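All values below come from the heavy atoms of this structure, side chains included, with hydrogens, waters and symmetry mates left out. All of these numbers come straight from a predicted model, not from anything done at the bench. All chains are named by letter (A, B, ...) in the order of the sequence lines, taking the proteins before the strands, and each is independently numbered beginning at 1.
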There are 4 protein chains.
Amino acid sequence: MRAPKTRLIFDAAIDTFSERGFEKATMDEIAAKANVAKGTIYYHFKSKEDLFVFLVEEGSQLLRERVLEKLPEEATAAERLRLVIREQLAFFKEYRDFCTIILREAWGEEERQRQFRRMLVHYVREIEALVADGVANGEFLVEDAQTAAWSIFGGLSIAALHHLFADPEFDLTVLSPGCETLFIGGLQSGRP
Amino acid sequence: MRAPKTRLIFDAAIDTFSERGFEKATMDEIAAKANVAKGTIYYHFKSKEDLFVFLVEEGSQLLRERVLEKLPEEATAAERLRLVIREQLAFFKEYRDFCTIILREAWGEEERQRQFRRMLVHYVREIEALVADGVANGEFLVEDAQTAAWSIFGGLSIAALHHLFADPEFDLTVLSPGCETLFIGGLQSGRP
Amino acid sequence: MRAPKTRLIFDAAIDTFSERGFEKATMDEIAAKANVAKGTIYYHFKSKEDLFVFLVEEGSQLLRERVLEKLPEEATAAERLRLVIREQLAFFKEYRDFCTIILREAWGEEERQRQFRRMLVHYVREIEALVADGVANGEFLVEDAQTAAWSIFGGLSIAALHHLFADPEFDLTVLSPGCETLFIGGLQSGRP
Amino acid sequence: MRAPKTRLIFDAAIDTFSERGFEKATMDEIAAKANVAKGTIYYHFKSKEDLFVFLVEEGSQLLRERVLEKLPEEATAAERLRLVIREQLAFFKEYRDFCTIILREAWGEEERQRQFRRMLVHYVREIEALVADGVANGEFLVEDAQTAAWSIFGGLSIAALHHLFADPEFDLTVLSPGCETLFIGGLQSGRP
DNA sequence: GATGAATGAGCTTTCATTCAT
DNA sequence: CATGAATGAAAGCTCATTCAT
């Protein structure tokens with residue numbers, strides 16, 4: 001990743017994969033965007049699949065770092081979940097290309113898709129743990145923390161994706177308050 | 001759709017597109033699954049894209065029929081939303097292939113993807129209206145009904161998809177109670 | 001093989017493989033020679049390897065038919081061996097392309113090469129049996145019929161190949177008497 | 001050839017060319033086997049073709065030295081030919097890689113193949129002279145010494161190659177007696 | 001209506017060669 | 001002397017689409 005060309009390829013690949021999807025993206029386009037010869041990509045990455053997996057791994061790791069690692073241990077589950085929602089949206093705002101890739105490319109039986117899902121599972125499991133914490137200490141009341149976690153992750157993601165496709169310049173962070181209210185308090189938030 | 005071959009092609013296409021994704025699905029595989037010659041598909045559909053769009057239109061219409069058309073006018077917004085959640089999961093259970101296609105193939109700038117999103121927007125707008133109703137009559141408290149609607153739709157869909165990929169035989173309807181609680185009452189459901 | 005295009009491809013492939021060798025032959029050249037589109041080759045043959053193997057199988061079978069099937073049962077081993085030598089050279093004369101392919105492409109660890117050798121072994125084993133017959137009835141005197149058989153087959157082939165490369169128009173059948181004398185009677189043929 | 005790296009490259013090249021054939025052998029593999037950088041090969045050899053030709057020249061020269069230079073002038077033609085057969089098999093035993101390369105890479109219209117054949121011709125011509133000697137002094141009885149020479153060279157080579165591919169550990173020198181008998185005395189060796 | 005052989009543009013990947021260091 | 005990152009031409013293969021039957 002330190003090699004300068006690798007960085008160029010990485011960025012061009014993110015861009016291209018998010019714009020076209022894995023199958024429609026061509027190595028020619030990635031090479032052109034990165035301003036390197038096609039062979040150069042293959043010097044640094046074994047295959048198109050390999051490039052994709054590398055990129056998804058980096059992105060997933062970044063997502064975990066950004067969203068999960070700064071959670072204050074002492075805060076309540078609700079406060080931490082609010083932070084997760086805020087940070088995930090902020091992440092999607094900064095890396096909108098990666099956000100697109102997540103939802104498009106994770107679902108299928110190809111090896112790269114399975115690998116991708118494994119990383120998502122890894123991430124969502126942390127949200128699940130957070131929800132379970134809240135349940136354990138009486139803050140939350142849900143039976144199935146896993147489904148709740150996937151609903152939250154998926155709800156945020158699809159809402160973000162929808163807005164991004166409607167308006168590429170849309171500022172996703174404005175969605176935070178609404179999403180926090182919805183997932184923490186529900187639609188009946190504040191009702192007796 | 002009345003021609004018997006058309007039906008065979010339709011089913012084979014749903015099957016193939018959901019298994020492989022639009023790009024990886026081949027007309028050969030669809031033809032083989034439908035037990036017709038490849039030329040026959042082109043006799044009934046202008047192109048691969050045309051076949052896909054047709055299939056997505058039928059599916060979207062079916063989704064709307066199943067989920068939205070049986071909502072009792074007189075019920076509360078919360079009751080109607082619970083029904084929506086229940087019915088959408090039931091629909092995904094029955095048409096899991098279509099559920100997969102929705103989340104994989106709607107996000108991109110190809111014409112078919114734009115068209116697909118237009119249909120989703122059409123569907124989600126009804127949920128949004130329902131949420132807005134609830135807000136209007138004081139049942140719900142959200143600022144952005146649109147985002148709430150997409151979060152609910154997306155949350156349900158991704159949670160469903162996750163479970164389907166983890167276990168193809170999973171019965172999605174068991175997710176209903178949890179999802180209803182989450183979206184209506186929030187994680188703090190029942191807390192004072 | 002009845003489809004007309006298949007025949008065109010077959011002939012073009014023999015021609016190209018013998019001229020360039022398996023690796024250097026390109027599907028583009030074969031297609032151009034056969035006056036078909038490249039895709040047409042792949043419609044009839046799974047891969048370049050598949051095309052090659054098919055062609056080698058046909059050739060090997062033809063070689064066996066031409067050389068081995070007309071051997072008179074009642075003749076002496078020496079007479080039959082003379083016939084084999086004569087017929088193999090006649091075969092190489094008629095199918096010089098195949099003769100080239102045999103010696104170039106059989107030696108290596110690729111699957112197609114192993115398969116090829118299996119067919120050669122099949123052919124040479126019949127010569128070996130013939131030699132063994134001669135030994136059994138006292139006509140011949142060799143300890144290792146297998147090595148003798150390969151020496152005869154290889155000697156004929158390389159001598160033929162040498163002459164063909166020196167002069168493509170060379171008539172291989174003129175080599176028969178010399179080769180018969182050499183292998184049957186040895187260099188000291190006729191000496192006491 | 002004195003530079004130590006050149007030697008490493010030479011050995012790695014022989015190994016790789018014999019294992020994969022000229023076309024399939026890659027400079028990367030040769031470099032890896034030689035434990036030098038790819039650029040280093042190009043420092044010592046102009047091109048892949050150049051490396052191959054160099055190697056073939058060295059090998060051919062060695063073959064001539066080993067087989068032809070120790071022939072006792074005073075011996076009979078038959079005795080000298082026996083020695084040739086023995087020594088060629090011994091050479092193939094020691095340099096089995098080179099033996100493989102000879103038969104695989106000499107037949108074609110590429111410049112390197114023409115050059116290769118010129119060297120083989122050079123070698124076989126000496127055998128031819130030996131045979132012609134025998135004919136001149138009444139030891140042998142053949143009309144076409146050239147064909148006889150190629151038959152002997154080819155017979156030995158193909159028999160050796162066959163055994164090497166059937167069993168890489170096979171000791172080729174055990175073939176000597178059989179081959180001597182075959183080529184000198186013929187299959188009817190010893191018959192009246 | 002239905003067929004399937006034929007097409008060719010377009011894709012991923014390989015690899016001999018170059019050259020700045 | 002030696003290196004190895006970079007190159008780009010060239011190759012095998014795929015597949016949506018067409019069309020004569």
Engineer: Starting at atom CZ of Arg7(B), determine the distance to atom C1' of dA2(E), rounded to an integer number of angstrom.
Structural biologist: 20 Å

Engineer: In whole Å, I'd like the distance from the CD atom of Glu29(D) to the C1' atom of dT14(E).
Structural biologist: 14 Å

Engineer: I'd like to know if the side chain of Glu105(B) and the backbone of Phe22(B) have a donor-acceptor N/O pair within less than 3.5 Å.
Structural biologist: yes

Engineer: Does either side chain, that of Glu109(C) or that of Gln113(C), offer a donor lying less than 3.5 Å from an acceptor on the other one?
Structural biologist: no

Engineer: Strictly below 4.0 Å, N to O, side chains only: are Glu110(D) and Arg114(D) in salt-bridge contact?
Structural biologist: no

Engineer: Looking at Tyr42(B), I'd like to know whether one of its side-chain N or O atoms comes within less than 4.0 Å of OP1 or OP2 on dT17(F).
Structural biologist: yes

Engineer: What is the distance, rounded to the nearest whole Å, between atom NZ of Lys24(D) and atom P of dA11(F)?
Structural biologist: 15 Å

Engineer: When the distance from NZ of Lys48(A) to C1' of dG10(E) is rounded to whole Å, what number comes out?
Structural biologist: 12 Å

Engineer: So, does Ser60(D) use its side chain to make a donor-acceptor pair with the main chain of Val56(D) at under 3.5 Å?
Structural biologist: yes

Engineer: Assuming nearest nucleotide by heavy-atom distance, tell me which of Asn35(C) and Asp28(A) is located more 5' along DNA chain E.
Structural biologist: Asn35(C)

Engineer: Phe45(B) vs Phe54(B) aromatic rings, parallel, tilted or perpendicular, using cut-offs 30° and 60°?
Structural biologist: tilted

Engineer: To the nearest Å, how far apart are Met27(C) CE and dT7(E) P?
Structural biologist: 14 Å

Engineer: On a whole-Å scale, what distance lies between the P atoms belonging to dT21(F) and dG1(E)?
Structural biologist: 22 Å

Engineer: Ignoring backbone atoms, establish whether His44(A) has a side-chain N or O less than 4.0 Å from OP1 or OP2 of dA6(F).
Structural biologist: yes

Engineer: Start at the 5' end of DNA chain E and walk down; is the nucleotide closest to Ser47(A) or to Ile41(B) reached first?
Structural biologist: Ile41(B)

Engineer: Could you give the CZ-to-C1' distance, from Phe22(D) to dC15(E), as a whole number of Å?
Structural biologist: 12 Å

Engineer: Roughly, in whole Å, what's the span from CG in Leu8(A) to P in dT7(F)?
Structural biologist: 10 Å

Engineer: Rounded to the nearest Å, what distance is computed from the CD atom of residue Glu23(B) to the P atom of nucleotide dG10(E)?
Structural biologist: 15 Å

Engineer: Taking only nitrogen or oxygen atoms into account, show me every contact under 3.5 Å that the protein makes with nucleotides 8-10 of chain F, one pair per line with its distance.
Structural biologist:
| from | atom 1 | to | atom 2 | distance (Å) |
| --- | --- | --- | --- | --- |
| dG8(F) | N7 | Gly39(A) | N | 3.3 |

Engineer: What is the minimum heavy-atom distance between Ile9(B) and Leu51(B), and which atoms define it?
Structural biologist: CG2-CD1, 4.1 Å

Engineer: Would you write the dot-bracket representation of DNA chain F, where each base gets (, ), [, ], | or . depending on whether it forms a Watson-Crick or G-U pair under 3.5 Å and with which partner?
Structural biologist: .||||||||||||||||||||

Engineer: Just say parallel, tilted or perpendicular for the rings of Phe52(C) and Phe116(C), cut-offs at 30° and 60°.
Structural biologist: perpendicular

Engineer: Taking all non-hydrogen atoms of both residues into account, name the closest pair between Glu23(D) and Lys48(D) and its distance.
Structural biologist: O-NZ, 3.4 Å

Engineer: Counting any heavy atom closer than 4.0 Å, what does Ala31(C) reach on the DNA or RNA strands: base, sugar-phosphate only, or nothing?
Structural biologist: nothing

Engineer: Check whether the side chains of Gln61(B) and Glu65(B) place a donor and an acceptor atom closer than 3.5 Å, and report yes or no.
Structural biologist: yes

